[in-house]
Amino acid sequence: MKILTATALLASASIIGLSGCATSGNVTPQYVPPSTYQSYDCESLSQEYARVERYVDAALNERSSFSASGVGVGVSAGRWGISPNISFGVGRSNSNKARDARLSRLYGEADAIIQSARVKRCGFANGIKIYGE
């Protein structure tokens, strides 16, 4: 009975510990040369900036899609013979590496668009800061 109580306590402590690991972290922009947008006029730059911002908003609002929950009960054979085993799968993956890479690229594109818009003196770029300002 004590082993079962200790196992339940350990499992609930693990669940609480894993749920506290979610962090957002800071994402720095990937370098995108402003010359990429050199041929764009102010209207095109404004539309492109709005498009990139929509993608950024979508990426910021997405959650990790991997989740697992449940209890697995099985039998395993090892050096000590055959023994029962129990596994717990609880929680949601906190891996946001793909999302952060996409955000880094999008932030770099947004910075390049604003830099190109500043060179062309486009009105929409007034007051928009780029990374490091």
Side-chain angles (χ1 to χ4, degrees):
M1 186 67 173
K2 287 184 181 181
I3 294 175
L4 183 58
T5 305
T7 304
L9 183 61
L10 180 62
S12 59
S14 299
I15 292 168
I16 292 169
L18 288 175
S19 66
C21 293
T23 60
S24 59
N26 294 331
V27 178
T28 57
Q30 179 180 347
Y31 178 73
V32 176
S35 61
T36 304
Y37 301 98
Q38 186 175 11
S39 64
Y40 288 48
D41 62 357
C42 287
E43 180 66 26
S44 298
L45 286 169
S46 176
Q47 290 173 356
E48 188 69 9
Y49 184 76
R51 183 189 65 82
V52 169
E53 288 299 304
R54 282 193 305 272
Y55 286 146
V56 167
D57 289 341
L60 288 173
N61 290 328
E62 76 183 28
R63 303 272 185 243
S64 179
S65 61
F66 176 75
S67 65
S69 62
V71 177
V73 179
V75 178
S76 62
R79 185 166 72 168
W80 303 105
I82 297 175
S83 61
N85 60 21
I86 301 173
S87 61
F88 298 94
V90 178
R92 185 173 290 276
S93 172
N94 291 325
S95 177
N96 291 321
K97 290 180 183 178
R99 183 198 67 158
D100 289 349
R102 189 167 48 257
L103 279 173
S104 178
R105 175 68 184 183
L106 289 169
Y107 289 158
E109 287 180 15
D111 284 356
I113 291 168
I114 295 302
Q115 288 173 351
S116 185
R118 286 178 181 173
V119 169
K120 295 179 185 229
R121 301 182 194 271
C122 298
F124 81 92
N126 294 337
I128 299 177
K129 294 186 177 189
I130 61 171
Y131 182 76
E133 290 185 335

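Below, all heavy atoms of this structure are taken into account, side chains as well, without hydrogens, waters or symmetry copies. One is the number of the first residue; the rest follow in order along the sequence.
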For the residue pair [X] and [Y], establish whether any side-chain heavy-atom pair is separated by less than 4.5 Å.
X	Y	answer
Arg105	Val32	yes
Ile113	Tyr40	no
Leu45	Ser116	yes

Q: Indicate, with yes or no, if Val119 and Tyr31 share a hydrophobic cluster defined by side-chain heavy-atom contacts under 4.5 Å among Ile, Leu, Val, Met, Phe, Trp and Tyr.
A: no
Q) Tyr55 and Leu60: same hydrophobic cluster, using ILVMFWY side-chain contacts below 4.5 Å? A) yes
Q.
Would you say that more than 12 heavy atoms from the other residues, nucleotides or ligands in this model lie under 6.0 Å from the CD of Gln47, or not?
A. yes
Q: Return yes if some donor-acceptor pair links the side-chain N/O of Ser104 with the main-chain N/O of Gln30 below 3.5 Å, else return no.
A: yes
Q.
Using the rule given for side chain to side chain contact (heavy atoms under 4.5 Å, CB included), can you reason through Gln115 versus Tyr37, listing the C-alpha separation, both sets of side-chain angles and the distance that settles it, and then say yes or no?
A. CA-CA 9 Å; Gln115 288 173 351; Tyr37 301 98; over 6 Å; no
**Q.** Spacing of Ile128 atom CD1 and Ile114 atom CD1 [to the nearest 0.5 Å]
**A.** 4.0 Å
Tell me the closest heavy-atom pair linking [X] and [Y], and the distance in Å.
X	Y	answer
Asp100	Val27	O-CG1, 3.5 Å
Ala112	Pro33	CB-O, 4.0 Å
Phe124	Cys42	CE2-O, 3.8 Å
Glu133	Arg118	OE2-NH1, 2.8 Å

Q) Can you check side chain to side chain contact (heavy atoms under 4.5 Å, CB included) on Thr28 and Tyr107, steps first, answer last? A) CA-CA 8 Å; Thr28 57; Tyr107 289 158; over 6 Å; no
Q. Under the criterion side-chain contact (heavy atoms from CB on, under 4.5 Å), which of Asp111, Asp57, Leu106 is the partner of Val52?
A. Leu106
